[in-house]
Amino acid sequence: MQVIETLAEGLKREIKVVIPAKDMENKMNERLADVKDKVRINGFRPGKVPAAHLKKVYGKSIMAELVNEIVREQPAAILSSRGEKSATQPEIAMTEDKDEADKILAAQQDFEFTLSYEVLPPIELKSVKGIKVTREVIDISDDEVNEQVLKVAESARAYETKTGKSANGDRITMDYVGKVDGEAFAGGTDQGAELVLGSGRFIPGFEDQLVGVKAGDEKTITVTFPADYPAKDLAGKEATFDVSVKDVAAPGAVEINDELASKLGIESADRLKEIVRGQIESQYGSLTRQKLKRQILDQLDEMYKFETPNSLVDAEYNGIWSQVNNDLAQSGKTFEDEDTTEEKAREEYKTLAERRVRLGLVLSEIGEKAGVEVSEDEMQRAIYDQLRQYPGQEKQILEFFRSQPGAAASIRAPIFEEKVIDHLLTEIDVTDKKVTKEELLAEEEGETKAETKKAAPKKKAAAKTEAAEAGEGEEAAPKKKAAPKKKAADESAE
């Protein structure tokens, strides 16, 4: 087998592989000899089939198997022998001419194919001793814990049906049908919907018009959807809602005690406060780590400048750009609304994609040299977390992970990355700094304001990093229904 390099330009490589027809024929004859005693052909005793007849009957199919095995196995072997790693799966090209293909399968012509790929650039790791970061830490006050516990208590408060008119704070149970221009619209109908008046969960003007209603009342409410409403077909339009009030209930007293904790499945009010404090600490801890990680990545970005494989950058960029356009479509906005142009946005996101790929390669190299590994238990826990997000679809999700190697890699990549960051934190200079809640949040807002429009990329190759821009992509807000509801900011916390 001849291996000839036909292109070596930057990270691009092209390899021509030639296997002489005689070698292919010898391999075919070896296979024919193996099957000679196994095949059954009418007119011949087992093991007595002439080689020429075997070749006539099975030669072409065996050659096809050989060709498939070669193009499946040889690329990895060739790269290994050259000491190279391909950024993505090498592209394989072979003749598409039917006559030439027939000659190859008949061992009358050399079998040739080409490999086209980009190599991963060699990375000479530098000392990280000079990296200095500040870890912002915050003390959680009892007042903040009590405030959050109160919100939990309010969400669990009991309501008791009342006679008479509704007032702010009462809970309304109702059916409604929303219409635009007299026609009901998708997502604008609900039955048995519950709404606490004054909660601000529905679009402006809706709740105000329900103050003073009684059980059994029928009322038509007229409101105007906000101009920036996510459903573009409803944004800025006037709508009516035919409301049928089923029940009006007054709120019970809010008491933080062991009885409340018991309703929530917790042994005591003190334990409830411990849990809430832990949740707050976890939230602030995630923010602190995010900012700490951003400092590390920024400094690594300054330390390493090298050519990145276009194939990885393009894949990263395409993922980002697709998300950006989806976000714009859902919000009904344009690039001009975001004070930019499509051309400038493309340049920014291409730069972002290059940074993410480069940092991903650096983190991958650091982790490999440090012996960082993702255990099977860690993978199983991560997959279980995925399953919990899709109740009822566990079987399909598991099958997806089994059948798609890239799916497992997408789970492994962020775990590996976090473990590399943990390793770096043991090697670099970390200084703790006490800050207030306001300082922590205000600073984060300032750091990420220019980046909030940047979507997090889809995880693909191990060379990439999901958080190469830690803190620059916000978690996507839940889609708002076309109904008059609007999500409360603290709904998920409750």
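Sequential numbering from 1 along the given sequence is applied to the chain's residues. The figures here come from the full heavy-atom set of this structure, side chains too, leaving out hydrogens, waters and symmetry mates.
Remark: E267 CD is packed, more than 12 non-hydrogen atoms of other residues, nucleotides or ligands lying under 6.0 Å away. Annotation: K395, atom NZ; neighbour count of heavy atoms from other residues, nucleotides and ligands within 6.0 Å does not exceed 12. By the neighbour-count criterion of 12 heavy atoms within 6.0 Å, atom CD of E259 is sparsely surrounded, having that number or fewer from other residues, nucleotides or ligands. A 6.0 Å sphere centred on CD of Q393 holds more than 12 heavy atoms belonging to other residues, nucleotides or ligands. Within a 6.0 Å sphere centred on CD of E183, other residues, nucleotides and ligands contribute 12 heavy atoms or fewer. Annotation for Q191: atom CD does not count as buried by contact number, only 12 or fewer foreign heavy atoms lying within 6.0 Å.
Side-chain contact check for I203 versus Y229: some heavy-atom pair is nearer than 4.5 Å. Side-chain contact check for Q389 versus Q386: some heavy-atom pair is nearer than 4.5 Å. Residues E394 and I397 form no side-chain contact, since every pair of their non-hydrogen atoms from C-beta on lies 4.5 Å or further apart. Between R135 and R289, every side-chain heavy-atom pair lies at or beyond the 4.5 Å cut-off.
Checking L359, L361, L125 one by one against Y304, the side-chain contact (heavy atoms from CB on, under 4.5 Å) holds for a single residue, L125.
If you check the side chains of Q323 and D327, you find a donor sitting under 3.5 Å from an acceptor. Side-chain atoms of D175 and S244 include no donor-acceptor pair closer than 3.5 Å. In this structure, a donor-acceptor pair under 3.5 Å is absent between the side chains of E144 and Q148. The closest side-chain donor-acceptor pair between E84 and Y117 falls under 3.5 angstrom. Side-chain atoms of S311 and D314 include no donor-acceptor pair closer than 3.5 Å. A donor atom on one side chain and an acceptor atom on the other are not found under 3.5 Å apart for T308 and E354. A donor-acceptor contact closer than 3.5 angstrom links the side chains of T220 and D242.
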>> Using the rule given for ring pair (Phe, Tyr, Trp, His ring centres under 6.0 Å), can you reason through F206 versus F241, listing the C-alpha separation, both sets of side-chain angles and the distance that settles it, and then say yes or no?
In response: CA-CA 9 Å; F206 189 95; F241 287 88; 5.4 Å; yes
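When all heavy atoms are compared, the tightest approach of Q299 to G130 is OE1-O, 4.3 Å.
No cation-pi contact links R381 to Y384, judged by a cut-off of 6.0 Å to the six-membered ring centre and 45° from its axis.
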